[in-house]
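See below for the structure under consideration.
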Amino acid sequence: MSSQEDGAAEQDLETEATGGDNDIITVTVGATVPTGFEHTAAEEVKEKIGVDARISKDRGRIYFPITTDKLFQVHLLRSVDNLFVVVEEYDHYQFKQSKEETLAELQELASKLPWTNALEVWKLNSTLKKRKVHRRGGNGTKVKPNSETIDATVADTEQQELPEAAEGQTKTETTLDTEANTQDSEEAAPKAKVIKFRVTCNRAGDKHSFSSNEAARDFGGAVQEFFQWKADMTKFDIEVLLNIHNEEVVVGIALTEESLHKRNISHFGPTTLRPTLCYGMLRLCKPQASDIILDPMCGTGTIPLEGAIEFPSSFYIAGDNNDMAVNRTVNNTRHIQKRRADMGSASGLPIDTVQWDLCNLPIRTSSVDIIITDMPFGKRMGSKKKNWDLYPSCLREMARVCRPGSGKAVLLTQDKKCFGKAISRMGGLWRKLHTVWVNVGGLHAGVYLLKRTGAVFGQTPEDVYESRGTVNTQGDEKDDRELS
């Protein structure tokens, strides 16, 4: 189901990955994924890499083994946000009672960890992915805001060097502007490159005697002393992760400089859904070849664009009542087409974009196989008061265009009470099959998988209750939030 673009990228990455003479080693890779879609991500890992993934106790993370000759494959996963190679993990780490003893133990831990394989994987990964010269700050692995979590970074202005670390490092685009003389290999005694790093501590749990800042500070200081690296919060080469969830401790090295969900979209709206979440929603409805898939509230077009790239055998119709949203979708589509053309791939995408009235769609009755959309939450866009009129009207219109007996709908909303009431007023047109609870920007939302029953539209009690009319769908760009 991969696109031609992904196929070309896979070929290039595989060529680079197998071009070296290094011995093949096996490591564990961790991935952060949209909360609620851990099983979906594990299924994708099994399908594309052929290994079993383990779902962490800490929601939103999975772990799986990978050999270095297959490392390129992890960057082709569509359901993961961030990737990191595991240095060491402890299922039941016994923290000391006092803060001072615990922090002292974390300092000692830094020098005892098996860093070698993880650093080799980091170096190999640097050759597989182009990296920006300047890294953005705050690109650490995201965690759930509902837990007691603080992203902590360690910074130090004192410059230190590590000649032996620099000797083995592959020349990549990770070199910073301030060290532009990397072409000095012709000189007899080139200067050792300064390795810059930061430590990000993600902590969840209320039984710890220390804060995330304190853990990152002390552990980071020990890492700096052990490797003689220079700490830098924003222009770092290496990001060391210290993930603590109750008694579970995982130390890792980040393999992504920024989240993999930042793909496809070049024109953002006030709210833009993460493509990783879109991919999970698409897999939930299992698109088949020749399916007609409709997103009646497309916003910036994230869902249909993700579908058109990953499930290109289906055809996607995207629409919105907001002309700015429609323009953003068109521009995002053109952006991807140009990118594919530049790579030498077929630039066409099976997608069309229309501006319309959500509650009076210009689509034939019973002609759509799948409806998948992000409904207004009533927070940033629209209002919960308007949702009480909007939800029943749009669900009825969706039921009209969806194929009876076989059609499906995957709908994301945080307004659970309004949605439940609207479904109950549908007179049996929709049947709820499954709900996936997700965290969208700190909001507890639901992804509802609905089945279109065989009931004939127009012959059910709800048609007496409410006639088809135009509902003010202000803010149809939706309340798409970034997953934490």
Side-chain angles (χ1 to χ4, degrees), residues 1-20 22 24-34 37-38 40-51 53 60-86 117-132 135-136 139-142 170 172-174 237-239 241 252-265 274-280 282-283 305-306 309-311 336 339-340 342-345 483:
M1 290 184 293
S2 297
S3 65
Q4 292 180 349
E5 179 184 0
D6 285 342
E10 180 175 344
Q11 252 186 345
D12 294 341
L13 292 175
E14 186 170 14
T15 301
E16 292 184 48
T18 57
N22 294 336
I24 295 175
I25 58 177
T26 301
V27 294
T28 299
V29 167
T32 60
V33 302
F37 282 105
E38 294 88 353
T40 299
E43 289 173 5
E44 187 193 13
V45 169
K46 182 65 175 178
E47 288 178 11
K48 296 184 177 179
I49 302 181
V51 297
R61 288 195 180 95
I62 63 170
Y63 297 93
F64 55 92
I66 192 82
T67 53
T68 48
D69 61 323
K70 300 294 183 183
L71 183 64
F72 69 95
Q73 293 180 338
V74 302
H75 291 283
L76 304 178
L77 296 173
R78 310 293 295 185
S79 57
V80 304
D81 289 318
N82 292 283
L83 294 161
F84 58 94
V85 58
V86 173
N117 284 354
L119 287 171
E120 286 300 319
V121 170
W122 171 79
K123 292 174 187 176
L124 175 60
N125 184 72
S126 299
T127 69
L128 300 181
K129 300 295 292 181
K130 278 190 174 183
R131 301 202 175 201
K132 296 179 181 177
R135 294 173 180 264
R136 297 177 185 176
N139 288 336
T141 306
K142 304 279 186 177
T170 306
T172 67
E173 294 182 17
T174 52
D237 298 302
I238 298 178
E239 181 176 25
L241 304 174
I253 296 176
L255 299 180
T256 46
E257 66 170 13
E258 64 179 9
S259 175
L260 294 180
H261 84 267
K262 295 180 179 179
R263 58 178 185 252
N264 303 341
I265 304 301
R274 295 163 74 98
T276 46
L277 179 55
C278 296
Y279 178 79
L282 284 158
R283 281 189 67 104
L305 286 171
E306 185 69 19
I309 292 172
E310 189 63 18
F311 304 93
I336 294 176
R339 187 178 68 188
R340 288 159 67 99
D342 291 343
M343 293 178 63
S345 303
L483 275 166

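Note that the numbering runs from 1 along the sequence shown for the chain. Given the structure is predicted, the values throughout are model-derived calculations rather than measurements. Just the heavy atoms: all of them, side chains too, but no hydrogens, waters or symmetry mates, feed the values below.
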Write down the atom of [X], the atom of [Y], and the distance for their closest heavy-atom approach.
X      : Y      : value
His75  : Leu255 : CE1-O, 3.8 Å
Ser79  : Tyr279 : CB-CD2, 3.7 Å
Pro65  : Val51  : O-CG2, 3.5 Å
Val33  : Ala41  : CG1-CB, 3.6 Å
Leu277 : Pro34  : N-CG, 3.9 Å

**Report entry** Verdict with reasoning, Val27 to Val86, per side chain to side chain contact (heavy atoms under 4.5 Å, CB included)
**Finding:** CA-CA 7 Å; Val27 294; Val86 173; over 6 Å; no

Requested in this report: Could you tell me whether the side chain of Thr256 and the main chain of Asn82 form a donor-acceptor pair under 3.5 Å?
Outcome: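 Pair absent, no side-chain N/O of Thr256 close to backbone of Asn82.
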
Hey, does [Y] have a side-chain heavy atom less than 4.5 Å from the side chain of [X]?
X      : Y      : result
Arg78  : Ile309 : yes
Thr276 : Phe37  : no
Ile253 : Ile238 : yes
Phe311 : Arg283 : yes

[atom1]/[X] to [atom2]/[Y] distance, rounded to the nearest 0.5 angstrom?
X      : Y      : atom1 : atom2 : result
Thr28  : Ile66  : OG1   : CD1   : 10.5 Å
Glu257 : Leu83  : CD    : CG    : 12.5 Å
Cys278 : Glu310 : SG    : CD    : 12.5 Å
Lys70  : Ile49  : NZ    : CD1   : 10.0 Å
Thr127 : Phe72  : OG1   : CZ    : 12.0 Å
Asp69  : Ile24  : CG    : CD1   : 4.0 Å

Query raised in the report: Does the pair Lys123 and Glu120 meet the rule for a salt bridge (charged side-chain N to carboxylate O under 4.0 Å, His left out), with working shown?
Result: CA-CA 5 Å; Lys123 292 174 187 176; Glu120 286 300 319; 3.8 Å; yes

Query raised in the report: Glu44: what forms a salt bridge (charged side-chain N to carboxylate O under 4.0 Å, His left out) with it, not counting sequence neighbours?
Result: Lys48

**Report entry** Worked check of side chain to side chain contact (heavy atoms under 4.5 Å, CB included) between Val121 and Leu71
**Finding:** CA-CA 8 Å; Val121 170; Leu71 183 64; 3.9 Å; yes

Query raised in the report: Can you check side chain to side chain contact (heavy atoms under 4.5 Å, CB included) on Val74 and Phe64, steps first, answer last?
Result: CA-CA 10 Å; Val74 302; Phe64 55 92; 3.8 Å; yes

Requested in this report: Verify side chain to side chain contact (heavy atoms under 4.5 Å, CB included) between Asp342 and Arg339, making sure each step is shown before the conclusion.
Outcome: CA-CA 5 Å; Asp342 291 343; Arg339 187 178 68 188; 5.6 Å; no

